[in-house]
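Heads up, the thing below is written out as structure tokens.
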Amino acid sequence: LKGPQGTLFGQNSTGGAINYIAAKPTDIFEGNASLTYGRFNELNGELVLSGPITEGLNGRIAVRTEQRDDWQRSGTRNDTLGSRNFTTGRLLLDWAPISSLTVSANINGWVDKSDTPASQFVGVALALPAGRQTLVPYLNAQSPAPDNNRLADWDPDFSFRRDDYMIQGSLRVDWTVAPETTLTSITAYSKYRQESPIDTDGLAVKDFRLTIFGRIDSFSQELRLAGTALDSNLKWTIGANYESDKTKDSQFGDFEATNAVVGAVNYDTFINENKSDIDAYAVFAGVDYDLTDELTLQGSIRYTHSKRKFAGCLRDFGGQIAAAINQLASAPIAAGACVTLDPATFQGLPIVTSTLSENNVPWRIGLSYKPSSDSNYYFNVTKGYKAGIYPTVPGLIPSQFEPIKQESILAYEAGFKKGFFGNKLRTSGAVFYYDYTDKQILGYINTFLGNLPGLISIPKGEIKGAELQFDIRPLNGLNLTVGGTYIDSKVKSDFIGNDPLQNAVNFKGEAFPGAPKWQYSVDGQYDFPVSGSVDAFIGGTLSYRSTAQVAFGNHPLFLVPGYTLLDLRAGVESGSWRLQLFGRNVTNKFYVTSIARNTDSIARVVGMPVTYGVTVSRKF
């Protein structure tokens, strides 16, 4: 679903929603297993088991692990990086004690101990040219990395293996309280922990290294009543939702960049600290009313109140930055304390606290016209919101922690779906216009450590776009899908901000960072019999995205070139067995996914080279 989905899914879903529906437990025993081996010693395994446990209780368990050796190589020494170590699992239970009551439990989680990817050096951009000179000779001697998708560089003798995990649990109860009315309760809890060291400078020295220690604890409870009336011509939903989130973002910096100095005192470490407690309450309602057999009117509305309590500061670690800031402070700051200063007294603050309360009313109105079983035409107008947020920055004074207020969007969309020739040709398309107010977008902001990436708020912006897709079945066994999207994004209002090189620029008229105008994909597969018991298939996917700027300012150093990727697959099936050979990026295309200015360097992240392998799977 494109565009704002806040009336049903709450705030922050302004871009759209993708609903992943896990396969449900079955009342007969079944399962499947697969094993993949590929380049860089990739080894993936998956196992799914489903079936009855006792009378009225069914269960399904799925586990998957992904392992792979390093794929990145250092450009300055004999060293590698890029291993994959990821494991995930899910347990589903469905219980139906009586015909009017069903209870569904979902417990899932994952553990990620993979390496964080390294970057490629592009060029020097000193954060403070007259500042700390420790690494300046080294920086000036560096040459841009070649267009090789395996080369990168990072700090030696340091582990960049992350230690991240998340667990989630939800309990859903559906109770048919009347013949056409169902009461639904959804209780959910999730816990996320992150410890991710990243090296973003593309250099083999410690110009800038960051380890992110993150935490999220989230609880939500929803109650809703849904049903039908007027001979099922009216479908209605009313409900309420409560959510409580506790977050912590502590960024530990370890660096020797030119801006790691105050006066004559150098420092190597700091901590950006951000803690938030968020409570949100919402009530909502929605209706679908069949005006005729072909025409349906849809409407929904939601009211949300949220309150976010913030506590954070720039904190010392090991006494270094405290000693540096003490040159400015009117009273000594102890090691390990916050070094954010009260601008009136220049005394260190114990912590910076603030509260952000916001209300919003997202809504949606739509018409759907379905003249036949293979065609549908629709028009929607939707209002949506994204909640305000506090930044995690090295703030020397409290004003640098001021929150970014909530974003709002008014979206218009008209589209169609139509089948031809007995659905051998299916088409779908849409045109849309998004009108943004106070759009939250990634830019660059002034901090104590200089010009750093961070969220900014654009007063007015817009997106005009269109998409078109064809699903073609010209003959038995041949399936083709061709789709494309056009997006024209633009800042509509005057807004003076920093480009990555710390130049003040008016962003008016520029496209949103990271928004290519054109994207398309072509996917095809041909299935054909080999013998009475064996079928074969061959297929591939071609995808393209056009050039895009990744930062405001239209600087050529921050232009990501367009690229085309080709994936291929082929295999055989016999009964419950399946064998597939695959290749990803088979042309070994060198392509860039992002570019950023990181303290003293400009660095880019690139996509993986060609990979290939084989997968064996069986259903039982």
Side-chain angles (χ1 to χ4, degrees), residues 1-21 100-102 104 170 172-188 220-243 280-306 359-387 408-417 428 430-435:
L1 299 174
K2 298 181 301 299
Q5 305 297 325
T7 56
L8 294 180
F9 295 99
Q11 59 185 357
N12 304 332
S13 55
T14 54
I18 299 174
N19 190 14
Y20 292 91
I21 303 174
S100 61
L101 181 66
T102 60
S104 301
S170 67
R172 173 171 176 157
V173 179
D174 291 288
W175 178 28
T176 304
V177 296
E180 295 183 348
T181 306
T182 301
L183 176 66
T184 300
S185 168
I186 303 176
T187 307
S220 66
Q221 174 63 54
E222 179 168 299
L223 284 174
R224 65 173 183 254
L225 201 61
T228 61
L230 304 178
D231 295 327
S232 296
N233 288 324
L234 176 67
K235 302 178 181 65
W236 57 269
T237 301
I238 58 172
N241 178 277
Y242 167 72
E243 183 169 351
Y281 307 83
V283 291
F284 57 90
V287 294
D288 286 11
Y289 180 61
D290 295 333
L291 299 172
T292 68
D293 291 341
E294 296 84 21
L295 187 63
T296 300
L297 175 66
Q298 301 162 323
S300 55
I301 192 169
R302 187 184 190 102
Y303 169 79
T304 300
H305 170 74
S306 63
N359 304 302
N360 57 64
V361 183
W363 50 265
R364 177 177 180 269
I365 297 175
L367 278 174
S368 175
Y369 176 58
K370 191 173 183 178
S372 61
S373 61
D374 61 358
S375 61
N376 185 29
Y377 306 88
Y378 64 89
F379 175 72
N380 298 319
V381 183
T382 313
K383 183 75 171 180
Y385 293 87
K386 182 184 290 184
S408 68
I409 174 178
L410 183 61
Y412 304 85
E413 180 184 349
F416 72 95
K417 297 180 180 181
S428 61
V431 293
F432 47 89
Y433 175 74
Y434 297 163
D435 185 8

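A282 and T304 make their closest contact through CB-OG1, 3.7 Å (heavy atoms, listed as atom of the first residue, atom of the second, distance).
With 3.5 Å as the limit, one finds a donor-acceptor pair spanning the side chains of D174 and T184. Neither side chain, Y281 nor N241, offers a donor N or O lying under 3.5 Å from an acceptor on the other.
By the 6.0 Å contact criterion, NZ on K417 is open, its count of non-hydrogen atoms from other residues, nucleotides or ligands being 12 or less. Within 6.0 Å of the NZ atom in K235, the count of heavy atoms belonging to other residues, nucleotides or ligands exceeds 12. Within 6.0 Å of atom OH in Y412, 12 or fewer heavy atoms from other residues, nucleotides or ligands are found, so the atom counts as exposed in its surroundings.
For the pair F379/I365, no side-chain contact is recorded, criterion being any heavy-atom separation below 4.5 Å from C-beta on. For the pair S306 and E243, the minimum side-chain heavy-atom distance is 4.5 Å or more. When side chains are defined from C-beta on, T187 counts as touching S185, because their heavy atoms get closer than 4.5 Å.
Atom CD1 in I186 sits 9.5 Å away from atom CG in L223 (nearest 0.5 Å).
Screening I301, L410, N360 against K383 for a side chain to side chain contact (heavy atoms under 4.5 Å, CB included) leaves a single residue, L410.
Residues that satisfy the side-chain contact (heavy atoms from CB on, under 4.5 Å) test with E294, not counting sequence neighbours, are T292, Y369. In this structure, the side-chain contact (heavy atoms from CB on, under 4.5 Å) partners of L291, at least two apart in sequence or on a different chain, are Y289, L295, L297, L367.
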